[in-house]
Amino acid sequence: MMELGPFRVEKDGKTLHRNEYAWNKESPAGVGFSYSNRTSDYKSSGDLRTAQDSLPFLEFFLAGESYAGHYVPQVAHTKLQNNQHTNQTIINLKGIAIGNASIDFETIMRGADLWIKQMMLLVTCMPLCSLMQFLLNFHLPYIPSCGDTDGALPLLCSKYAINKLGMRIKTAWYPWYIHGEVGGYAVGYQNLTFVTVRGAGHSVPSYQKAWALVLFSSFLNGKLPPSARRSLHKLLSPEATMKVTIKYLLLVLSCYFTTFLISCKGNQIANLNRLIESRKSPHPESWALLNDQEDSHNSPVYVGSQKGMMQSDKINALPGQPEGVDFDQYAGYVMVDPIADRALFYYFVESPQNSSDKPLVLWLNGGPGCSSLGYGAMLELGPFRVNKDGKTLYRNEYAWNKVANVIFLESPAGVGFSYSNDSSDYTKVGDKRTTKDSYVFLINWLERFPQYKRRDFFITGESYAGHYVPQLAYYILSRNKNTNQTVINLKGIAIGNAWIDDAICMKGMFDYLWTHALNSDETNEGINKYCNFVSEDSVSKKGDGDDNTIQCGKYLSQGFREMGFIDLYDIYAPQCNLSAIKPGSNGNIMNFDPCSGFHVKSYLNLAKVQAAFHAKATKWSGCR
């Protein structure tokens, strides 16, 4: 009634509705409507009795979950033994499937990484790993399944159990697809295949009905889950799934990883990957140290006249904004280098209530090279979100300007609406230039908005702003020692999901990929064997020699390939499907829209929107 049956119970507790993904008897005695006229059966029930009692009902396939990790293989074992006696019915058992299987206590303890005080009361009739090997020797398709959101019987339980079998890999780890997005991952061993399903907990069909059905269909047809991106009805056809010669299919129904790099956020991870590659170069000149000797913190910075510019930057109304906007908003350019004609674009929103009593906050997106307007303001913490029509806005009731006055800065030059008339500024930029320009921006912006000069100031950001934020904070504190110019009242910094140190973050990333079933055990082992994450060089080696360098790079690249086309910024998010958007449908702040990046891009490229923002006519993009 809750997982794979034909009906689900309505909220009234009296009526039913159909489960369109149903798999279309209860055991042992004493469970549900199953019974025995001997009360002793309820006390003496065990794995062996359950297996023997279930034998008369078997036909073709056995499936179950949790402690059925004991029941199912033992019933199969009993059946195979009884099939050797020709004086009784020979049952044509084709395979077994187990979801989130409790297999043996040692494996559970290792996988859960905790001690459970309440021990299992029933014991197995034989060691489970030995039993699994027995079934494999009979060429029986074998399918335990695990949801990796399940903390009681986690994915690692099954992984450790498989490792005990000592089988060699036959099919390399690969992403499988449903509805055009990554549905999970699979790796084929000599006699079985380990498969994951994203978004599934302990009771897989409750969480991912359609995906569980696709894998169940693959299992029945003796095929691997599909490697091509196809529609559901095609995936359910016997011809659709990948034909394989192996006869053992281990479906670990688990894990929740998704989406293509099709959203605007994909540009951010692409930028970060390019950064990582640049750090492998023996001469990364563009990433100069912040404390470069040529820059004196006592030398004056450019300060231009800001007279009348605050008023000219005020936005009357943004096109398509909702009624009842009760705060002031400003946008425009601040010159940071008049010689190069380099200027940074900002969007500033004041707090609706008591803005004069609230602090000033600067928000920086990362990339490096991604827009704080497009991401920070329009997709995250700003006062508006863009509707699906790409032309109108709706309110974000959780906007940060409810508690602070927030500046969104597009930095460095070349990002979003920010520009330079010296094209070399787009290629020679690095952390140092970005930091200095951001500081010059703030000094001039405070001249334009002098009422904020003594206001408590905070710097916030995300991703590669793990560099930008602390570097700018350091620069401000150093410059504050020079009392001949504006002293910025810096009170604190905050960074979300920060990329701070290449070595640490690379190690953290690949550990995360592995522990979330996005990478294979073999790739993780190779990375840990050949890559040294102690130094800034993320591919420095644990040993000397070119071979270690080659091997480390090989396993790092393999790790990225294995995870498939997903958005690392939100591995659980659904894929954007622009064709599924209904005309006239509006956004809702409580609902995640994976296509939001496309809506923002459409909106910010409207001529009337750019005019309202006081921006130069530009082909705006989320990342440079």
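Here the NZ-OG distance, from Lys388 to Ser602, works out to 14.0 Å after rounding to the nearest 0.5 Å. Separating the NZ atom in Lys507 from the CG atom in Asp511 is a distance of 4.0 Å, to the nearest 0.5 Å. In this structure, CD1 on Ile527 lies 9.5 Å from OG on Ser557, to the nearest 0.5 angstrom. Between atom CG of residue Leu379 and atom NE2 of residue His599 there is a gap of 9.5 Å, rounded to the nearest 0.5 Å. Of the inter-residue distances, the one linking Leu556 atom CG with Met509 atom CE reads 10.0 Å to the nearest 0.5 angstrom. Separation of atoms CE (Met378) and OG (Ser372) is listed at 12.5 Å; rounding is to 0.5 Å.
In this structure a side-chain-to-backbone donor-acceptor pair under 3.5 Å is present from Asp12 to Thr15. In this structure a side-chain-to-backbone donor-acceptor pair under 3.5 Å is present from Tyr185 to Met563. For Asp389 (side chain) and Thr392 (main-chain N/O), a donor-acceptor pair under 3.5 Å exists by modelled atom type. Panel note: side chain Ser371, backbone Leu373; a donor-acceptor pair is recorded below 3.5 Å.
Asn365 has its side chain within reach of Glu462: a pair of non-hydrogen atoms, C-beta onward, lies under 4.5 Å apart. Here the side chains of Thr523 and Leu513 are not in contact, with every heavy-atom distance at 4.5 Å or above. A heavy-atom distance below 4.5 Å is not found between the side chains of Glu10 and Lys14. The closest side-chain heavy-atom distance from Asn519 to Phe510 is below 4.5 Å. Side-chain contact between Asn396 and Phe384: absent, with no pair of heavy atoms (C-beta onward) separated by less than 4.5 Å. Under the 4.5 Å side-chain criterion, counting only non-hydrogen atoms from C-beta, Arg8 is not in contact with Leu16. Contact annotation: the side chain of Trp363 approaches that of Glu380 to within less than 4.5 Å [non-hydrogen atoms, C-beta and beyond]. Counting heavy atoms from C-beta on, the side chains of Phe7 and Arg18 come closer than 4.5 Å.
Shortest non-hydrogen contact noted between Gly367 and Tyr464 is N-CB, 3.6 Å. Closest approach of Trp514 and Ser520 over heavy atoms only: CD1-O, 3.6 Å. The heavy-atom pair separating Lys391 from Tyr603 by the smallest distance is O-CE1, 3.4 Å. Here the closest non-hydrogen pair linking Pro594 and Cys576 is O-CB, 3.6 Å. Between Ala498 and Gly466, the shortest heavy-atom contact is CB-CA, 3.8 Å. The two residues Gly564 and Pro175 make their nearest non-hydrogen contact at CA-CG, 3.7 Å.
Using a 30° and 60° split on the angle between ring planes, Tyr530 and Tyr555 fall in the parallel class, below 30°. Ring geometry for Tyr177 versus Phe565: interplanar angle of 30 to 60°, hence tilted.
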Query raised in the report: When you look at Leu393 and Asn387, which way does the side chain to side chain contact (heavy atoms under 4.5 Å, CB included) test go after all the steps?
Result: CA-CA 5 Å; Leu393 305 173; Asn387 277 313; 5.6 Å; no
Requested in this report: Start with the C-alpha gap between Leu518 and Ile566, add the side-chain angles, then the distance that decides, and say whether side chain to side chain contact (heavy atoms under 4.5 Å, CB included) holds.
Outcome: CA-CA 10 Å; Leu518 287 159; Ile566 67 169; 3.5 Å; yes
